[in-house]
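Down below is the structure, laid out as structure tokens.
All values below come from the heavy atoms of this structure, side chains included, with hydrogens, waters and symmetry mates left out. Lettering follows sequence order; numbering is per chain, from 1.
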Number of protein chains: 2
Amino acid sequence: MVSQRNSCVSITAGQARACTVREALDRVGGKWSIGILVAASQGPVRFTELERQVEGISRRMLTLTLRNLERDGLLHRRVYPTVPPKVEYTATPMALELYESLVALTAWAERHRTAITEARAAYDREHGAPAD
Amino acid sequence: MVSQRNSCVSITAGQARACTVREALDRVGGKWSIGILVAASQGPVRFTELERQVEGISRRMLTLTLRNLERDGLLHRRVYPTVPPKVEYTATPMALELYESLVALTAWAERHRTAITEARAAYDREHGAPAD
DNA sequence: CAGCATCCCATCCGATACTG
DNA sequence: CAGTATCGGATGGGATGCTG
């Protein structure tokens with residue numbers, strides 16, 4: 001298999017790898033993407049249901065993020081042409097795999113949550129600016 | 001061990017998990033964080049060296065991202081008070097662990113690169129807007 | 001060499017109002 | 001119910017110039 005057209009034109013092997021990671025990050029780095037993906041991973045979810053589950057999201061951002069996820073092939077959108085419209089969003093197999101790939105990252109975040117908080121506090125103490 | 005203060009105040013277990021992932025993403029989601037982290041994982045790197053290795057980065061963003069990574073405890077900054085200043089950045093153990101946790105994500109990105117590109121093309125074909 | 005300061009633009013995101 | 005449209009603020013990030 002030939003190596004796919006990459007969009008990562010880097011000199012060093014390390015930076016090429018970094019670029020690959022960013023490809024994934026770019027699709028999931030949005031403020032609401034993960035929350036929506038998680039909700040849609042449990043099975044088909046309707047628009048209003050998402051609006052409730054993903055707390056704090058606005059109607060606008062929900063729509064936009066849904067469109068982006070659908071465009072990237074991470075969500076499947078099914079429309080039932082009923083009188084009150086009904087739309088269901090489902091995570092695709094690719095999205096489920098993505099979620100699996102995030103397990104390690106979640107574990108990391110949990111392991112180091114305290115350390116990070118303390119590192120920040122120490123930094124802010126040493127330098128003047130809370131910046132928060 | 002009691003569960004640490006969380007900053008994730010969610011109703012469902014799923015959304016709490018999503019929030020934990022975002023904690024990690026927030027520290028690595030920046031446009032340049034990964035590139036810098038990767039470069040600093042191979043050993044101590046100097047400012048100008050980073051500027052060359054992380055291609056396309058501006059002096060400003062390099063500085064800002066370095067400060068953030070240092071603040072989060074992901075980079076160690078060592079200053080040699082020599083006549084031409086010399087500063088070395090090194091990835092901390094925590095950062096190395098983070099990098100390891102990203103392996104799965106990298107693999108995912110590589111596996112689905114083509115599928116995503118095609119999904120986008122298909123979406124753009126079906127709907128009018130290239131948006132790119 | 002390793003930065004900080006300033007200006008400026010692009011994108012993200014929230015609030016609000018309207019609709020098939 | 002499931003959106004779309006519009007406005008405006010916040011944030012991210014590039015370009016450039018100055019400095020210990």
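- Residue B:S58 has no polar side-chain atom (N or O) positioned under 4.0 Å from OP1 or OP2 of D:dG13.
- Under 4.0 angstrom from either OP1 or OP2 of D:dC1 there lies no side-chain N or O belonging to A:R46.
- A sub-4.0 Å separation between OP1 or OP2 of C:dC1 and a side-chain N or O of B:Y89 is absent.
- In this structure, the CD atom of A:E70 is 14 Å from the P atom of D:dA2, given to the nearest Å.
- At the phosphate of C:dT19, neither OP1 nor OP2 sits under 4.0 Å from any side-chain N or O atom of A:R59.
- Between the C1' atom of C:dC1 and the NZ atom of B:K86 lies a distance of 11 Å, rounded to the nearest Å.
- Nearest-nucleotide assignment on DNA chain C puts the 5′-proximal partner with B:L66, out of A:K31 and B:L66.
- For A:W32, counting side-chain heavy atoms from C-beta on, the closest listed nucleotide (C:dA2, C:dG14, C:dG3) is C:dG14.
- Distance B:R67 CZ to C:dG3 C1': 7 Å, rounded to the nearest Å.
- Atom-to-atom, CG of A:L62 to P of C:dG14 comes out at 11 Å; the value is rounded to the nearest Å.
- Side-chain contact between A:R78 and A:T90 is absent, with no heavy atoms from C-beta onward closer than 4.5 Å.
- Taking every side-chain heavy atom of B:M61 into account, D:dG14 is the closest of D:dG14, D:dT4, C:dG20.
- In this structure, CG of A:N68 is placed 12 Å from C1' of C:dT11, rounded to the nearest angstrom.
- Separating the CD atom of B:E51 from the P atom of C:dG3 is a distance of 10 Å, rounded to the nearest angstrom.
- Here the P atom of nucleotide C:dC12 and the CG atom of A:D26 are 10 Å apart, to the nearest Å.
- Between A:H112 and A:W108, the ring planes lie tilted relative to each other; the angle falls in the 30° to 60° range.
- Side chain of B:S10 to main chain of B:T12: no donor-acceptor pair is present (N/O by atom type, distance under 3.5 Å, no hydrogens or angles).
- Partners of B:V87 under the side-chain contact (heavy atoms from CB on, under 4.5 Å) rule, at least two apart in sequence or in another chain, are B:R77, B:V79, B:Y89.
- Rounded to 10°, the helix from C:dC1-D:dG20 to C:dG20-D:dC1 has 50° between the axis fitted to its first five pairs and the one fitted to its last five.
- Take the nearest nucleotide of DNA chain C for B:V87 and for A:G30: the residue whose nucleotide is more 5' is B:V87.
- Residue B:T48 has its side chain nearest to C:dC1 when only C:dC1, D:dA2, C:dC4 are considered.
- Distance alone, capped at 3.5 Å, is enough to place a donor-acceptor pair between the A:T117 side chain and the A:R113 backbone.
- With hydrogens and angles ignored, the 3.5 Å screen pairs no side-chain donor or acceptor of A:S41 with any backbone N or O of A:L96.
- Panel note: side chain B:Q15, backbone A:G35; a donor-acceptor pair is recorded below 3.5 Å.
- Interface remark: the B:R60 side chain does form a donor-acceptor pair with the D:dG13 base, using a distance-only criterion of under 3.5 Å.
- Taking atom CD of residue A:E88 and atom P of nucleotide D:dC1, one finds them 15 Å apart after rounding to whole Å.
- Checking side-chain atoms of A:R22 against main-chain N and O of A:A18 turns up no donor-acceptor pair under 3.5 Å.
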